[in-house]
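Remarks on the structure that follows.
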Amino acid sequence: MAKGNISVDSENLFPIIKKWLYSDKDIFLRELVSNGCDAVTKLKKLAGLGEAKIEDNPQYKVTVSVYKDAKKLVISDNGIGMTAEEIDKYINQIAFSGASDFLAKYKEEDKDNESKQIIGHFGLGFYSAFMVADTVEIDSLSYQEGAKAARWICDGTMEYEMTDGDRTERGTTITLSIAEDSEEFLDEYKIRAILNKYCSFLPTEVYLETPEIQQEPEKDKDGNEIEPEPPKPINTTNPLWCKKPSECSDEEYKEFYRNVFMDFNEPLFWIHLNVDYPFNLKGILYFPKLNHEFAGQEGQVKLYNNQVFVADNVKEVIPEFLLLLKGVIDCPDLPLNVSRSFLQNDGYVKKISAHITKKVADKLKSLCNNDRENYEKYWDDINMFIKYGCLRDEKFYDRVKDYIIYKNLDGKYITLDDFLAGKEKKDVYYVSDEKQQAQYINMFQQQGLDAVILPTLIDTHFISFIEMKQNDIHFHRIDSELAATGDEKASEEEQDKQLAEDVKNILGDESLKVEVRSLKDTEVPAVILLGEQSRRMQEMYRSYGQQMAGMADMFKNEFTLVLNKSNALIEKLNVLNEDDKKLLAEHIYDLARISHSPLTGEQMTAFIERSNKLLGRIF
């Protein structure tokens with residue numbers, strides 16, 4: 001038996017603390033199972049080089065066993081195993097890494113980059129076991145002929161014991177005596193959830209078992225025992241993103257989406273990433289149906305390292321706007337545990353992020369050019385994502401700006417260039433609420449004018465962005481003053497001026513502008529117009545939430561009440577007595593307000609009382 005102290009280089013002590021002290025406890029299981037997969041990968045590599053003898057058709061696996069009564073958790077593999085000397089090097093001397101040593105040794109012989117599939121940091125990752133265990137035991141038998149089994153035991157201090165082990169099969173068994181404050185890790189369902197989270201796609205089969213629980217054998221109707229089904233691994237060893245796109249069917253993509261994200265609404269389409277140079281990157285990004293309001297909406301893009309789950313929605317690797325999507329990204333060259341500050345400043349990470357952005361833009365371009373019909377079908381669901389992407393990433397905007405389409409009043413999808421073709425002034429009129437602004441749409445169409453539909457909150461930000469990028473383009477809502485004016489000019493006649501002044505006095509609102517014009521729609525007595533910029537500023541402040549909502553009140557809407565002198569009711573205002581004139585003017589004003597926005601409770605009560613009075617006079 002040998003005793004000693006674990007050797008830790010001082011420069012390596014603090015990285016250990018930083019890696020594990022603030023990590024989620026459950027990471028320990030990811031590390032230990034990943035190390036087991038590494039051991040199998042190493043053995044396969046050596047066997048392929050003829051340096052290791054293995055049995056025919058071996059079933060490589062990692063087994064996690066839960067002993068709740070004994071308060072033990074056991075992780076076992078049938079991989080490369082370790083000798084006592086290797087345990088001393090890779091475990092006792094934490095400054096070394098078994099994975100990096102192995103990669104360095106076989107780098108020149110690894111023409112197919114198979115060794116890069118080695119995941120771990122055997123040594124550092126192993127010590128995560130002490131986050132949940134009082135005592136950790138290793139029992140290992142190396143693949144090398146004539147090797148003896150070795151046992152290593154440590155109680156979490158800097159002291160350890162090494163003796164001969166009793167393992168008779170090649171591989172390594174790690175036994176954790178779970179600490180009292182970590183007994184939740186003796187729950188089978190807890191362990192299964194952790195394995196499903198981190199290990200669902202590991203390249204070696206992973207099994208979970210509870211040997212203490214004796215299952216009664218099932219029997220058929222004649223009382224004969226039914227042969228139990230062989231246990232199934234908890235993981236898929238060859239996930240869809242590791243295959244070539246040409247090897248995957250549409251149904252496989254959809255099934256993978258359902259299984260991974262538990263979303264039974266079919267994705268609109270997807271992008272399969274498969275890059276070997278200048279960096280190694282694989283993955284699948286799905287475009288789900290997005291809500292019209294993106295605030296609070298979050299997708300789920302999972303980051304993997306060689307099929308080991310690292311984290312959800314790591315915006316340093318995945319562009320922020322792509323986090324509205326769902327998908328998986330596998331970056332083998334990223335470390336399993338890495339600080340956000342490292343990712344923010346790493347040039348390799350930035351290249352990966354830029355490449356992902358480019359591939360998404362290329363997909364949208366291809367759809368628009370080659371599958372326009374489906375692109376238009378998708379547009380209502382994906383335009384939120386595209387516009388948000390343009391706001392967050394100008395390079396993305398530059399790549400997709402020619403493929404941004406708008407639905408016009410006829411329901412056709414056109415580009416901004418199509419809408420402005422042949423027009424001297426680059427004014428773009430838009431509708432934010434088709435139902436509320438229906439009257440304005442009718443008036444617009446009667447004048448032979450067109451507008452685009454922009455119904456979402458993000459559109460307020462997006463049109464400001466477009467105006468900034470293209471200075472000669474200006475957006476006006478269809479009920480804004482410029483839009484509704486059309487070719488009509490405010491009347492300069494004294495009678496019209498007097499009527500406007502009388503109505504303003506009746507309504508008693510000094511801030512309200514009143515004008516008299518002749519509109520083509522004779523059925524409409526009046527409309528409300530409002531200033532585009534003040535309204536847009538109000539909406540933008542309100543979009544930032546409760547804290548900024550008060551700022552919106554600083555920008556009062558500049559309302560203008562336009563009286564249509566082509567309407568019979570407006571003509572009567574000039575001949576009615578004062579009481580009837582007041583009654584009709586107030587009612588016309590409320591009708592104009594209703595077509596613009598809902599009345600308050602008090603306003604609606606007054607409107608109903610006035611309506612009843614008017615009906616009583618008629619009948």
Side-chain angles (χ1 to χ4, degrees), residues 23-24 26-45 47-48 58-66 73-81 97-99 102-103 113-126 128-129 170-174 176 185 188 190-209 230-243 255-256 259-261 280-284 301-312 314 327-338:
S23 297
D24 293 333
D26 59 12
I27 287 179
F28 83 93
L29 191 56
R30 180 191 76 178
E31 292 296 311
L32 297 180
V33 174
S34 297
N35 284 338
C37 290
D38 275 353
V40 170
T41 302
K42 291 176 183 178
L43 183 63
K44 289 180 179 179
K45 174 63 180 176
Q59 183 193 4
Y60 294 114
K61 62 180 180 177
V62 177
T63 303
V64 179
S65 303
V66 181
L73 191 64
V74 179
I75 297 91
S76 179
D77 68 72
N78 58 351
I80 195 172
S97 166
F102 188 88
L103 290 173
N113 292 322
E114 293 175 357
S115 295
K116 285 189 177 180
Q117 297 307 309
I118 293 174
I119 302 161
H121 312 271
F122 201 88
L124 292 179
F126 164 76
S128 64
R170 178 201 65 240
T172 300
T173 299
I174 298 176
L176 281 59
F185 295 105
E188 177 193 355
K190 172 79 171 179
I191 296 300
R192 186 178 297 277
I194 296 171
L195 292 174
N196 285 334
K197 177 180 179 180
Y198 291 110
C199 307
S200 287
F201 302 104
L202 284 177
T204 300
E205 290 185 346
V206 179
Y207 293 85
L208 175 61
E209 61 179 26
K232 295 181 180 180
I234 60 96
N235 60 320
T236 300
T237 59
N238 189 26
L240 201 63
W241 75 79
C242 290
K243 299 179 181 179
E255 184 181 4
F256 181 82
N259 292 339
V260 173
F261 303 105
N280 197 334
L281 173 68
K282 290 180 172 61
I284 305 172
V301 181
K302 297 175 176 291
L303 179 64
Y304 288 79
N305 175 315
N306 272 323
Q307 301 173 225
V308 182
F309 175 74
V310 177
D312 279 319
V314 182
V328 295
I329 299 292
D330 196 333
C331 303
D333 295 330
L334 287 178
L336 279 175
N337 301 287
V338 67

Which residue, Asn196, Leu195, Leu202, forms the side-chain contact (heavy atoms from CB on, under 4.5 Å) with Asn235? Leu202

Pairing donors with acceptors under 3.5 angstrom, does anything connect the side chains of Asp77 and Tyr60? no

Between the CG atom in Leu43 and the CG atom in Asn78, the distance rounded to the nearest 0.5 Å is 8.0 Å

Would Ile194 and Arg30 satisfy side-chain contact (heavy atoms from CB on, under 4.5 Å), going step by step from the backbone distance to the final call? CA-CA 8 Å; Ile194 296 171; Arg30 180 191 76 178; 5.9 Å; no

side-chain contact (heavy atoms from CB on, under 4.5 Å) filter on Pro231, not counting sequence neighbours, yields Tyr207

Rounded to the nearest 0.5 Å, what separates atom CG in Asp330 from atom CG in Asn280? 7.5 Å

Distance-minimising heavy-atom pair for Pro239 and Gln307: CD-NE2, 3.5 Å

Residues Val260, Phe201; criterion side-chain contact (heavy atoms from CB on, under 4.5 Å); working and verdict: CA-CA 11 Å; Val260 173; Phe201 302 104; 3.7 Å; yes

Do the non-hydrogen side-chain atoms of Val62 and Cys37 ever get within less than 4.5 Å of each other? yes

Begin with the C-alpha distance, continue with both residues' side-chain angles, and end with the deciding distance and a verdict on side-chain contact (heavy atoms from CB on, under 4.5 Å) for Ile174 and Val74. CA-CA 6 Å; Ile174 298 176; Val74 179; over 6 Å; no

Find the distance between SG (Cys199) and CG (Leu29) and round it off to the nearest 0.5 Å. 6.0 Å

Considering residues at least two apart in sequence or located in another chain, which fulfil the salt bridge (charged side-chain N to carboxylate O under 4.0 Å, His left out) criterion with Glu188? Arg192

Whether Glu209 side chain and Ser65 backbone form a donor-acceptor pair below 3.5 Å: no

To the nearest 0.5 Å, how far apart are CG in Asp26 and CD1 in Ile191? 9.0 Å

Are any of the side-chain heavy atoms of Ile329 and Leu281 separated by less than 4.5 Å? yes

Test item: Leu176 and Leu32 side chains (from C-beta on) under 4.5 Å apart, heavy atoms: yes

Closest non-hydrogen atom pair between Pro332 and Asn306, with its separation: CB-OD1, 3.5 Å

Least distance between heavy atoms, Leu240 atom then Phe256 atom: CD2-CB, 3.8 Å

Would you check if the distance from the ring center of Phe185 to the ring center of Phe28 is below 6.0 Å? yes

Any side-chain to backbone donor/acceptor pair from Arg170 onto Gly79? Under 3.5 Å, distance only. yes

I'd like to check Pro233 versus Lys61 (side-chain heavy atoms, cut-off strictly below 4.5 Å). Are they in contact? no

How far apart are the closest heavy atoms of Thr204 and Thr237, and which atoms are they? C-CG2, 3.8 Å

Heavy-atom closest pair (Val328 atom, Tyr304 atom, distance to 0.1 Å) is CG1-CE1, 3.8 Å

Does a side-chain heavy-atom distance below 4.5 Å link Cys331 with Leu303? yes

Heavy-atom check, side chain of Val206 versus side chain of Val33, under 4.5 Å: yes

Salt bridge or not between Asp312 and Lys302? Use side-chain N to carboxylate O under 4.0 Å. yes

For a 4.5 angstrom cut-off between non-hydrogen side-chain atoms, does Phe309 reach Lys197? yes

